[in-house]
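Just so you know, these numbers use all the heavy atoms, side chains as well, and skip hydrogens, waters and symmetry mates. In what follows, chains are A, B, ... by sequence order, proteins preceding strands, each numbered from 1.
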Amino acid sequence: MSQITPVFKREFLGYFRSPVAYVFLVVFLVASVGLAFFVGQFFRANQASLESYFVFHPWLFLFLIPAVGMRLWSEEKRSGTIELLFTLPLTTLEAVLGKFLAAWTFLALAILLSFPMAITVGYLGQPDWGVIASGYLGSILMAGAYLGVCSLTSALTKNQVVSFVLSVLACLVLVFLGWSVFNSALSAVLPVWAVDLVANFSFVTHFDSFTKGIIDPKDVAFFLSLTGFTLFLNVVALER
Amino acid sequence: MIEVKGLVKNYGSKRAVDNVSFTVNRGDILGFLGPNGAGKSTTMKMLTGFLRPTAGTALVNGHDVTRDPVAVKRQLGYLPESAPAYGEMTVAEFLAFIAETRGYRARSEKLARVNRALDLTQLQSVRTQTIETLSKGYKQRVGFAQALLHDPAVLVLDEPTDGLDPNQKNEVRTLIKKMAAEKAVVLSTHILEEVEALCTRVIIISQGKVVADETPEALHARQPGARLDSIFRSLTQSDR
């Protein structure tokens, strides 16, 4: 497992060797903070909380995480460096984990760079710091699950556009299953337990409680197991 | 040092490599010849553990590539066709990454390895340039440096002189000859003069099958007085 380190290092620094990192960080911060201010009514809500910041994350991630994840394996396949990588003395699992952890760390950095929002809230009122911390934790865990899905679709093709579209679609399904509008439409035809069952497979359902300050082991387990499962399929897809 | 036993590779219903066997000993430079699409690269990819053979196996220093691919990859230096590399990295960064995955983690040791590889391939002058800005000849040498970095016992080179000018070709051949004494070298090429200049043994492969495995002299003796390319043509003409 020590072979994860060089792969991680190369991948993580790779974001900063190209414009990808800077473009992504700026777009992510402008979009996430902009949504909180202009759509989420950050000030008018008159509450010392970041709920109006976190509530948009499932939708924002839908487009921004595939943008990071699409190149993970597609790029290696297109440029032929995958042949180089897999003739170095490392296992497929080590390569998958190294690249995934690098991208996840990068996403966590993007999320945490919104810290001036938290400082603003702290300056203007008395926020519950526990709720803010659990919001960040939930957001980072959810980003990992999104990224797992994107890494998997990226391993299936050498075309980045195909990879992007596939991952947006897969993530869209995982968001929609728990979207309140979709669920209330569903409850007209299905019994309540069936709607709950469907909603349980959604990012939104499991993320909501984090934004309210509740860290439920079930939700943590959902995100971690979805991440683990997609990464397992990722290894299988590459070893095929 | 290399023992290839009955390698077979099927792509769907097409058999790309059909029961290829050969051995290479220390001090040998084996030239792998054949028309484009004959299965040279596929055989090399199986030997280096990048592709899983449909049947058969290869042993490198006693390690079985189908059972313990990581051990085989440790013994090998491999230059894939068209020398893929991470274009956004500088030459020195890229080689440092290779050094780390090859287990040279200590700073001084890593630097010594990188410098030695840069010296051998005469790349010191471009060490701080990003790889994507290099000309084809330099890129090829970066691929070479990467394969030589850990001073492997076995070198597998897929078209090492492809895209080089005559002077560079000569340098690469001198380098291969200089190192060959204590290594086993397999190189593929479709330049016949290269085989005469360099190789101690020749394997000609046509439609996935070995059609000749002998010294260049023995190959010449097949049709006394004939040029090597006409012998090559008569051995591989079943392709047309």
- Task: Report, as yes or no, whether the 6.0 Å neighbourhood of atom CZ on Phe201(A) holds more than 12 heavy atoms from other residues, nucleotides or ligands.
- Result: no
- Item | Glu83(A): which of Pro80(B), Ser41(B), Ser82(B) passes side chain to side chain contact (heavy atoms under 4.5 Å, CB included) | Pro80(B)
- Query: By a 4.5 Å heavy-atom criterion (distance strictly below it), what part of Thr81(A) contacts chain B: side chain, backbone, both, or neither?
  - Reply: both
- Message: Strictly distance-based, threshold 3.5 Å: is any side-chain N or O of Lys73(B) a donor or acceptor partner for the main-chain N or O of Phe86(A)?
- Response: yes
- Output, in order, the C-alpha distance, side-chain angles, deciding distance and verdict of side-chain contact (heavy atoms from CB on, under 4.5 Å) for Arg52(B) and Glu239(A). CA-CA 9 Å; Arg52(B) 202 189 296 269; Glu239(A) 284 189 341; 4.1 Å; yes
- Atom CG of Leu47(B) and atom OG1 of Thr87(A): how far apart are they, to the nearest 0.5 Å? 11.0 Å
- Query: Is the count of non-hydrogen atoms from other residues, nucleotides or ligands lying under 6.0 Å from Phe37(A) atom CZ greater than 12?
  - Reply: yes
- Which heavy atom of Pro84(B) sits nearest a heavy atom of Ser79(A), and at what distance? CB-O, 3.7 Å
- Message: Counting neighbours of CZ on Arg105(B) that are heavy atoms of other residues, nucleotides or ligands and sit closer than 6.0 Å, is the number greater than 12?
- Response: yes
- Query: Would Phe97(B) and Leu88(A) satisfy side-chain contact (heavy atoms from CB on, under 4.5 Å), going step by step from the backbone distance to the final call?
  - Reply: CA-CA 11 Å; Phe97(B) 162 68; Leu88(A) 290 169; 4.2 Å; yes
- Query: Do you know which of Gln75(B), Arg74(B), Arg102(B), His150(B) has the most heavy-atom pairs under 4.5 Å to chain A?
  - Reply: Arg102(B)
- Query: For Glu93(B), is it the side chain, the backbone, both or neither that has a heavy atom under 4.5 Å from a heavy atom of chain A?
  - Reply: side chain
- Item | Under 3.5 Å side-chain donor-acceptor pair for Glu76(A) and Tyr86(B) | yes
- Task: Please step through side-chain contact (heavy atoms from CB on, under 4.5 Å) for the pair Leu84(A) and Tyr78(B), ending with a clear verdict.
- Result: CA-CA 8 Å; Leu84(A) 185 85; Tyr78(B) 175 43; over 6 Å; no
- Measure the spacing between CG of Leu13(A) and CE of Met89(B) and express it to the nearest 0.5 Å. 7.5 Å
- Query: Gln3(A) and Glu100(B): which non-hydrogen atoms are nearest, and at how many Å?
  - Reply: OE1-O, 4.2 Å
- Heavy-atom distance under 4.5 Å to chain B: side chain of Ile82(A), backbone, both or neither? both
- Selection from Thr101(B), Thr48(B), Val70(B), Val72(B) maximising heavy-atom pairs under 4.5 Å formed with chain A: Thr101(B)
